[in-house]
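Letters A, B, ... mirror the listed sequences (proteins, then strands); counts begin at 1.
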2 protein chains.
Amino acid sequence: MKAKSPLYQQVAHKMRMFIESGTWAPGEAIPTEAQLVEEFSVSRVTVRQAVKLLQEEGLLWKRQGSGTYVQSEKIEHNMYELKSFTEDMKREGKEVTNKVLTFTLQPPSEKVREALELEDGELVFYVRRQRFADGEPLIVEDTYLPLKLFPDLTYEVMSQSKYAYIEDVKQFKIADSVQEFIPVLPTKEIAEMLGVSERTPVLKVELYSFLMDGSRFEFTETYFKSEEYRFIIRAGRRH
Amino acid sequence: MKAKSPLYQQVAHKMRMFIESGTWAPGEAIPTEAQLVEEFSVSRVTVRQAVKLLQEEGLLWKRQGSGTYVQSEKIEHNMYELKSFTEDMKREGKEVTNKVLTFTLQPPSEKVREALELEDGELVFYVRRQRFADGEPLIVEDTYLPLKLFPDLTYEVMSQSKYAYIEDVKQFKIADSVQEFIPVLPTKEIAEMLGVSERTPVLKVELYSFLMDGSRFEFTETYFKSEEYRFIIRAGRRH
DNA sequence: CAGTGGTCTAGACCACTCA
DNA sequence: GAGTGGTCTAGACCACTGG
């Protein structure tokens with residue numbers, strides 16, 4: 001299992017440990033690139049690749065001529081990282097449970113057909129799930145998965161982690177996803193499932209995801225109880 | 001003006017031109033890295049830096065062993081790039097106008113004081129603006145700017161582009177910003193200014209921004225008419 | 001002006017895709 | 001198996017920060 005990931009990822013991992021353990025304190029400068037080259041016995045390019053990774057994760061920031069520093073503010077749910085709800089909650093030490101409310105094989109709506117670039121006649125699984133963190137409902141999720149890619153999909157699988165199934169069982173490699181953020185008032189049904197009033201706006205996220213080979217494997221509409229689940233990104237300015 | 005930007009940015013710029021002009025068509029593969037090295041007479045590392053840039057802008061995607069391709073879907077408002085409303089609309093060929101509704105110097109609220117890390121007694125400018133694209137109201141924005149950083153701020157400036165003032169006039173270097181996305185129902189006042197019903201949810205974005213030296217220079221709450229202004233990101237999965 | 005991160009090069013080998 | 005992008009090295013010079 002401990003196979004061989006690229007060097008720069010191994011270095012990034014070690015650095016992440018230093019940060020999480022507090023060896024490198026928030027707001028403080030980490031060792032210089034030259035020192036890191038020494039410490040990890042890798043080239044400078046590799047060190048910089050590792051730092052770039054942690055920078056994109058929001059853990060580090062750099063200041064030319066001065067040094068590299070540990071970010072002092074942490075981001076709750078970094079939208080720029082495509083993480084599953086399960087992973088996200090585990091990181092916060094919360095337990096995720098799922099309640100599958102609908103599980104049907106059906107013809108796609110026009111919207112779904114387009115989003116997944118389906119051929120005529122292809123069917124999709126439609127799965128509606130209510131998702132809980134430590135027993136509290138935070139999310140209602142409508143997912144559409146092409147039958148062609150997931151002929152073995154089961155109710156059981158969707159009661160667990162969807163991404164774990166796709167990556168670990170199916171061995172698909174997820175590349176990225178396009179997500180749109182839309183504020184909406186929940187329908188009565190969704191409001192009830194989230195435990196909020198119908199007059200409380202919720203955040204709807206529409207996303208379709210890509211595999212490494214460019215094919216689309218899911219279309220999902222997610223409703224977040226936004227009082228309890230904050231969406232934050234750190235966006236850089238280009239010059 | 002044409003001074004000397006880093007080589008990889010010049011290369012990225014040329015490549016961006018090829019994409020925008022359609023010389024490299026959407027969905028098609030661009031030349032291989034080896035060919036680009038030839039074409040632009042730079043090292044491979046530099047080519048890869050340029051490609052990385054365009055990849056982060058959502059213009060390209062790569063597939064190991066196969067090639068690098070032009071993205072076929074375009075993103076309307078890439079949240080991961082910190083762009084000003086003015087820049088964003090100009091790119092779409094729309095004309096931006098601003099109506100400054102409030103312009104006062106005042107003591108900060110506790111929330112603003114914390115977000116901007118102000119000392120006791122420091123004052124901030126509070127500016128409320130209504131912002132239009134081709135005459136249509138799309139945004140209401142409440143901005144808080146520290147007096148200490150902008151002692152020369154004028155009503156006139158805020159009628160134009162805030163970021164142009166900060167970068168071109170003040171010569172400050174903007175690094176990045178932390179943004180939170182919150183669905184809300186607009187107050188009566190804001191609903192009116194956006195030309196929507198009070199029962200239409202709008203997207204509120206709270207952000208604070210950083211300069212290159214790590215200092216915070218603005219806290220802003222923005223209300224978007226979300227029917228007309230779509231928020232989309234492309235998020236990558238880490239492995 | 002010493003030290004930091006930013007950029008750049010030439011060359012090498014590896015992992016993957018695809019005919 | 002030829003060709004692609006992915007990783008890695010050693011070494012160099014530049015631009016900026018800060019005492």
Side-chain contact check for Val45(A): nearest option of dT7(C), dG5(C), dT9(D) is dT9(D)
Here the distance between atom C1' of dT4(D) and atom CD of Gln64(B), to the nearest Å, is 8 Å
Could you tell me how far apart Tyr8(B) (OH) and dG5(C) (C1') are, to the nearest whole angstrom?
12 Å
Contact class for Arg63(A) vs. all strands (heavy atom < 4.0 Å): base, sugar-phosphate, or nothing?
sugar-phosphate
When rounded to whole Å, the CH2 to P distance for the pair Trp61(A) and dT17(D) reads 11 Å
Nearest of dG5(D), dT7(D), dG5(C) to any side-chain atom of Thr32(A)?
dG5(C)
Do Gln10(A) side-chain atoms and Ser5(A) backbone N/O form a donor-acceptor pair below 3.5 Å?
yes
Residue-phosphate contact under 4.0 Å: Lys62(A) side-chain N/O, dG6(C) OP1/OP2:
yes
Rounding to a whole Å, what distance do you find between Leu211(B):CG and dC16(D):P?
16 Å
Tyr165(A) and Glu156(A): side chain donor to acceptor below 3.5 Å
no
Gap between atoms CD and P, on Gln49(A) and dT7(C) respectively (whole Å)
15 Å
Is any side-chain nitrogen or oxygen of Ser43(B) closer than 4.0 Å to OP1 or OP2 of dT9(C)?
yes
Nearest whole angstrom, please: distance from the P of dG3(D) to the CD of Gln35(B).
11 Å
Supply the atom-to-atom distance Gln179(B) CD to Ile233(A) CD1, rounded to the nearest 0.5 angstrom.
4.5 Å
Proximal nucleotide (of dC8(D), dG5(C), dT7(C)) relative to the Gln9(B) side chain:
dT7(C)
Measure the distance from CD on Glu33(A) to C1' on dA15(D) and round it to the nearest whole Å.
14 Å
Does dT9(D) have OP1 or OP2 under 4.0 Å away from a side-chain N or O of Thr46(A)?
yes
Going from NZ on Lys14(B) to OG1 on Thr23(B), what distance comes out if it is rounded to the nearest 0.5 angstrom?
14.0 Å
Within the structure shown, what part of the strands sits under 4.0 Å from Arg48(B) by heavy-atom distance: base, sugar-phosphate, or nothing?
base
Figure out the CZ/C1' separation between Arg44(A) and dT9(C), and round it to whole Å.
14 Å
Among the nucleotides dT9(D), dA12(C), dT9(C), whichever has the atom closest to the side chain of Leu7(A) is dT9(D)
dist Phe219(B):CZ -> Arg113(B):CZ (nearest 0.5 Å) comes out at 13.5 Å
Would you say Ser66(A) reaches dG5(C)'s phosphate, i.e. side-chain N/O to OP1/OP2 under 4.0 Å?
no
